[in-house]
Peer 1: 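Okay, here's the structure, questions in a sec.
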Amino acid sequence: MIEVFIAAFVLFLLAFLFMSLGYIIKRKSIQGSCGGLKSIGVEKACDCPEPCDARKKRMARDDARKKLLEQNRIL
């Protein structure tokens with residue numbers, strides 16, 4: 001009986017290890033199989049009328065990156 005418990009414990013540890021390695025390497029968070037809130041048309045998780053400061057900075061950085069890519073595009 002204890003062997004089954006140890007085997008299951010090791011299996012779960014390996015699963016967590018591989019998920020964490022995937023996050024560390026790809027910097028992509030774990031997603032559900034349904035695609036999350038965006039698949040049902042919800043753009044953000046909170047009900048705030050205006051994005052927080054951190055989200056504003058991230059959006060500005062993404063917009064600047066897109067603009068830079070468009071300016072330096074070869075094709």
Side-chain angles (χ1 to χ4, degrees):
M1 184 69 164
I2 193 75
E3 294 88 10
V4 173
F5 175 75
I6 292 173
F9 185 73
V10 168
L11 185 68
F12 278 104
L13 280 179
L14 287 173
F16 282 116
L17 174 72
F18 288 128
M19 286 190 295
S20 65
L21 284 176
Y23 175 75
I24 291 169
I25 292 171
K26 292 185 178 182
R27 292 286 183 204
K28 188 174 181 183
S29 62
I30 299 171
Q31 295 178 345
S33 61
C34 64
L37 292 174
K38 195 168 187 175
S39 67
I40 60 173
V42 177
E43 289 297 322
K44 58 183 183 174
C46 66
D47 293 342
C48 303
E50 187 175 320
C52 62
D53 292 335
R55 181 154 174 92
K56 286 180 184 177
K57 287 179 186 177
R58 189 170 54 239
M59 289 169 49
R61 185 178 66 231
D62 290 343
D63 289 341
R65 174 185 265 166
K66 285 180 187 178
K67 186 178 179 182
L68 185 65
L69 286 174
E70 284 295 320
Q71 289 176 350
N72 297 325
R73 191 170 71 179
I74 295 173
L75 296 175

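Just so you know, these numbers come straight off a predicted model, no measurement behind them.
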Peer 1: Once side chain to side chain contact (heavy atoms under 4.5 Å, CB included) is applied, do any residues pair with I6, and if so which ones, sequence neighbours excluded?
Peer 2: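 In terms of side chain to side chain contact (heavy atoms under 4.5 Å, CB included), with neighbours along the sequence ignored, I6 is linked to I2, V10.
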Peer 1: Taking only residues two or more places apart in sequence or in another chain, which ones pass side chain to side chain contact (heavy atoms under 4.5 Å, CB included) with L69?
Peer 2: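 Expected list: R65.
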Peer 1: Can you name the residues that form a side chain to side chain contact (heavy atoms under 4.5 Å, CB included) with F18, not counting sequence neighbours?
Peer 2: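 For F18 the side chain to side chain contact (heavy atoms under 4.5 Å, CB included) partners, ignoring immediate neighbours, are L14, L21.
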Peer 1: Report the residues that fulfil salt bridge (Lys or Arg N to Asp or Glu O under 4.0 Å) with K56, sequence neighbours left out, ordered by chain and then residue number.
Peer 2: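 For K56 the salt bridge (Lys or Arg N to Asp or Glu O under 4.0 Å) partners, ignoring immediate neighbours, are E50.
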Peer 1: Between E70 and R73, is the closest basic N to carboxylate O distance under 4.0 Å?
Peer 2: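 Answer for the salt bridge query: yes.
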Peer 1: With sequence neighbours excluded, what pairs up with E3 under the salt bridge (Lys or Arg N to Asp or Glu O under 4.0 Å) test?
Peer 2: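 Not a single residue meets the salt bridge (Lys or Arg N to Asp or Glu O under 4.0 Å) criterion with E3.
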